[in-house]
Colleague: 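Handing you a structure now.
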Number of protein chains: 2
Amino acid sequence: MASIEADLEDLTARARIREAALRQFGELGFERATIRGIAEAARVSSGLVRHHFGSKEALREACDEFLVKLLRRVSDATFDDPMLTRSNPVAMSQAVFGPYQPYLVRALVEGRAEPLFDEMVRAGEQWLAEIDAERADPPFADRKARATVSTAMALAVTVLHRHVSRSLGVDVASPEGAHLLATVILDLHSHPALSPERAASMREALERIRPS
Amino acid sequence: MASIEADLEDLTARARIREAALRQFGELGFERATIRGIAEAARVSSGLVRHHFGSKEALREACDEFLVKLLRRVSDATFDDPMLTRSNPVAMSQAVFGPYQPYLVRALVEGRAEPLFDEMVRAGEQWLAEIDAERADPPFADRKARATVSTAMALAVTVLHRHVSRSLGVDVASPEGAHLLATVILDLHSHPALSPERAASMREALERIRPS
DNA sequence: ACGCTGACTACACAAGCGTGTAGCTTGCTT
DNA sequence: AAGCAAGCTACACGCTTGTGTAGTCAGCGT
């Protein structure tokens, strides 16, 4: 996977602006980032930003679109290569998100980047299909609903990385943090928090107060 | 639990400003919200906002502080009353967050509201302690680390509520959505995604590439 | 050689922002 | 009765912002 951040120098001005915007939007947020600041980071005039992208909002849309395309390509590539996903999924997802992680986190929290989330749900459905095959009792909710919640949970650590890193005492972006995180997730995913009996009784209580 | 949003009318001006700020910061975000807008919503002059809170940033800090105190009180109250937590934890957490949910989500994502997150971790540790008692094999990560990640995952649906609601096809804030969500979470928490053998082999692979 | 198109810059503008200041009212203290 | 602190308002300042306009320059097809 070629480092995309490497030498911004030989990119076209348009690409440099987009990269700068991705970084500034990610670090500062959309409102605190300024066109002048982005232009400066890309070493162009502020007018050129407008010339290429029209407006600040359109620039963000171009960033979204670029990332969705990029991530679709990356996910297609990694889907064929199961070796990668085996080793350390946590570290891998960080590698995939790459330098755009702050931007993506903001986009996701604001409800944007729908294709990214939806694609993760789809991948989750396939993952669940395998598990369901060896499952005795029938699930109580359809597969897509379970994949949706699983996806949100999978993104939780990335979205709340500041709190998680602070509480863990180690940056989850560091190798040590990624390792610890993977260990924890492995443990959580292999040990149900609820026994079948407990779950049954709670489900019963839940049905008793069912709305609809 | 008395509805706090009910009649803003008879609150002091200072409290009205704080409530308005909480809502505007939550709906629009800190930067897009304006002192003038908050003042208008609180039906006071913009100068009074400054008079009471000093600056926009100080106003936010006052909001944070207020919420942390409020939630500590609420959590203490619900801790004694196990009946509530039994019924529908999802609906309950929404009730606890109350009208401040958008504000809290933003605060959490930005890494603020540390006391709130930390308290949830502590509650998670107690929860895990009970589970660990009836657990055969020893956990591979300490309890706090597992509680931290669990907390993040528990917050995931709230933080990413837009995507979750969209993907689920029903608003998670609605009674139907909360019911569906509770069902899904119950299912996920009572059915491990990884078999013990699978987990063991993955842990082995993980140790083989251990950093440090 | 001409001209045109697109990359690119410099500069100006209007609006909205947070903040500062001066002053008015109200109610309690002495 | 006087005074004074506190709640509250009106208004203006200066800055930054996104955007608009005019113009320069290089490359290229004809």
Side-chain angles (χ1 to χ4, degrees), chain A residues 4 7-67 69 102-103 106-107 110-112, chain B residues 4 7-67 69 102-103 106-107 110-112:
Chain A
I4 301 153
D7 47 12
L8 278 166
E9 320 299 332
D10 55 358
L11 289 175
T12 66
R14 192 171 197 278
R16 278 208 317 275
I17 293 170
R18 194 191 49 226
E19 294 298 314
L22 251 359
R23 243 191 11 187
Q24 302 246 343
F25 285 158
E27 287 177 10
L28 306 173
F30 181 72
E31 2 274 342
R32 282 174 57 204
T34 68
I35 291 194
R36 284 171 175 83
I38 292 167
E40 191 180 356
R43 300 193 316 280
V44 297
S45 72
S46 67
L48 189 60
V49 177
R50 173 174 174 76
H51 173 71
H52 277 304
F53 296 94
S55 73
K56 194 184 182 184
E57 181 59 38
L59 173 57
R60 167 157 70 176
E61 284 163 21
C63 288
D64 280 359
E65 198 180 342
F66 169 77
L67 275 193
K69 274 188 195 164
Y103 183 93
R106 286 187 196 269
E110 290 165 17
R112 297 189 347 270
Chain B
I4 301 153
D7 48 12
L8 277 167
E9 319 300 331
D10 55 358
L11 290 174
T12 67
R14 192 172 197 279
R16 279 208 318 275
I17 292 170
R18 195 191 49 226
E19 293 298 315
L22 250 358
R23 242 192 11 185
Q24 303 247 342
F25 285 159
E27 287 177 9
L28 306 173
F30 181 72
E31 3 275 341
R32 282 173 56 203
T34 69
I35 291 193
R36 285 170 175 85
I38 291 167
E40 191 181 356
R43 300 192 317 278
V44 297
S45 72
S46 68
L48 189 60
V49 176
R50 173 173 174 78
H51 173 70
H52 275 304
F53 296 94
S55 74
K56 194 183 182 184
E57 182 57 37
L59 174 56
R60 167 156 71 176
E61 284 163 21
C63 288
D64 280 359
E65 198 180 341
F66 169 77
L67 274 193
K69 274 187 196 165
Y103 183 93
R106 287 185 195 271
E110 290 165 17
R112 296 189 348 269

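Numbers restart at 1 for each chain; the letters A, B, ... are given by sequence-line order, proteins then strands.
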Colleague: Is it true that a side-chain atom of B:Arg16 and a backbone atom of B:Ala42 form a donor plus acceptor pair closer than 3.5 Å?
Modeller: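 Yes; judged by distance alone, with no hydrogens or angles, the pair exists.
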
Colleague: Checking side chain to side chain contact (heavy atoms under 4.5 Å, CB included) between A:Ile17 and each of A:Ile38, A:Thr12, A:Ile35, A:Leu22, which is the one that passes?
Modeller: A:Ile38

Colleague: Using whole Å, report how far CG of A:Leu48 lies from P of D:dT21.
Modeller: 18 Å

Colleague: Over how many whole Å does the gap from B:Ile35 atom CD1 to C:dG18 atom P extend?
Modeller: 5 Å

Colleague: Could you tell me the separation between the CZ atom of A:Arg32 and the C1' atom of C:dG16, rounded to a whole number of Å?
Modeller: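 Whole-Å distance recorded here is 19 Å.
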
Colleague: Classify the nucleic acid contact of A:Ala33 as base, sugar-phosphate or nothing, counting any heavy atom under 4.0 Å across all strands shown.
Modeller: sugar-phosphate

Colleague: By nearest atom, which of the nucleotides C:dT9, D:dG7, D:dT17 is closest to the A:Val44 side chain?
Modeller: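 Closest of the options to the side chain of A:Val44: C:dT9.
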
Colleague: Could you tell me if the side chain of B:Arg14 sits less than 4.5 Å from the side chain of B:Phe53, heavy atoms only?
Modeller: yes

Colleague: What is the distance, rounded to the nearest whole Å, between atom CG of B:Leu28 and atom P of C:dC17?
Modeller: 11 Å

Colleague: Side chain of B:Ser46 only, please: which of D:dC8, D:dG18, D:dC11 is the nearest?
Modeller: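 Selected nucleotide: D:dC11.
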
Colleague: State the CD-CZ distance between B:Glu110 and A:Arg106, to the nearest 0.5 angstrom.
Modeller: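 So the CD of B:Glu110 and the CZ of A:Arg106 are separated by 7.0 Å.
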
Colleague: Let's see if you can work this out: which of C:dG18, D:dG18, C:dG6 has an atom nearest to the side-chain heavy atoms of A:His51?
Modeller: C:dG6

Colleague: When we call it a touch if two heavy atoms are under 4.0 Å apart, what does A:Arg36 touch: a base, just sugar-phosphate, or nothing?
Modeller: base

Colleague: Rounded to whole angstrom units, what separation is found between the CZ atom of A:Phe53 and the P atom of C:dA7?
Modeller: 11 Å

Colleague: Find the distance B:Arg43:CZ to D:dG7:C1' and express it as a whole number of Å.
Modeller: 16 Å

Colleague: What integer distance in Å separates B:His52:NE2 from D:dG7:C1'?
Modeller: 6 Å

Colleague: May I ask you to check if B:Arg60 and B:Phe30 form a cation-pi contact, with NZ or CZ under 6.0 angstrom from the six-membered ring centre and within 45° of the axis?
Modeller: yes

Colleague: On DNA chain C, check which nucleotide each of B:Thr34 and A:Ser45 is closest to and give me the residue with the more 5' one.
Modeller: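 First, find each residue's nearest nucleotide; the 5'-ward one identifies A:Ser45.
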
Colleague: Could you tell me the separation between the CD atom of A:Glu31 and the P atom of C:dG16, rounded to a whole number of Å?
Modeller: 16 Å

